[in-house]
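Structure record follows, encoded as structure tokens.
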Amino acid sequence: MMLNPTVLKAHFESALPYGAYVASGSPDQQQSWAAFHAKVRLTDQDRTLLASFVRRLNVLVLSGTWCGDCVQQVPILDSIARASSGAVVLRIADRDAHRDLSEQVMICGGRRVPTVLFLNEDFEFIGLAGDSTLSRLRAKAARALGAACPLPGAEVPRDEIAATARDWVDLCEQFHLLVRLSPKLRERHGD
């Protein structure tokens, strides 16, 4: 399978909006997702930037409701989508249910989650990110490679949440600018 628009559109359309995806998890998983979502805070500057987006950016996330990294990153993407005034359209697909796609976008030889595909309004592939942003990887490396590792389920520091949110906003801005500057789309939209 190739990452062609027809295939990507089919995966996107069969994926779930954030709320429905979270609701597909167990009660404990739903609680974890809700608790983390409540901690996400975008800055006023981020909200202004996201509200200024004029091109549709389809964001397809391969995820698992059971995945701790997904719990601590996908709610940020939902907050971004909500702040974008409809320009960022988020859909989430279970990695195992979309195995044919997850095998095409493996990271370091594994079907990692979350894996985020950025697509333009025609469902053409723009870029890929995952399984963690740079700030999240730095924090994970400091814990894993440092003197002590945290216990599973340990509290995520607010500054790490804020830095990870900033990374995701930056990625969305980068990919939005790619579609905003696309000659094909500029001609289509007359701008």
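Note that these values count all heavy atoms, side chains included, but never hydrogens, waters or copies made by symmetry. In this text, all values refer to a predicted model and were calculated from it rather than measured experimentally. In this chain, residues are counted from 1 in sequence order.
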Within-4.5 Å side-chain heavy-atom neighbours: [X] and [Y]:
X	Y	result
E187	S182	no
F53	S85	no
V59	V116	yes
E160	R143	yes

Just wondering, more than 12 heavy atoms not from [X] lying within 6.0 Å of its [atom1]?
X	atom1	answer
E13	CD	yes
K9	NZ	no
R56	CZ	yes

What pair of heavy atoms forms the shortest contact from L8 to L101, and how long is it?
-> CD2-CD1, 4.1 Å

Taking all atoms of both residues into account, what is the closest heavy-atom pair of V71 and S32, and its distance?
-> CG1-O, 3.7 Å

[X] and [Y] ion-paired at < 4.0 Å:
X	Y	answer
D96	R111	yes
R55	D191	yes
D69	K140	yes
D122	R188	yes
K184	E124	yes
E103	R95	no

F118 and H176 aromatic centres sub-6.0 Å = no

Taking it one step at a time, do Y21 and S63 satisfy side-chain hydrogen bond (donor to acceptor under 3.5 Å, both in side chains)?
-> CA-CA 9 Å; Y21 177 76; S63 179; 3.0 Å; yes

Carefully, step by step, assess R91 and L16 under the rule side chain to side chain contact (heavy atoms under 4.5 Å, CB included).
-> CA-CA 5 Å; R91 293 294 180 271; L16 298 174; 5.9 Å; no

Is L90 reachable from V113 through a run of I, L, V, M, F, W or Y residues, each pair having side-chain heavy atoms under 4.5 Å apart?
-> no

For D94, the salt bridge (charged side-chain N to carboxylate O under 4.0 Å, His left out) test, sequence neighbours excluded, returns none

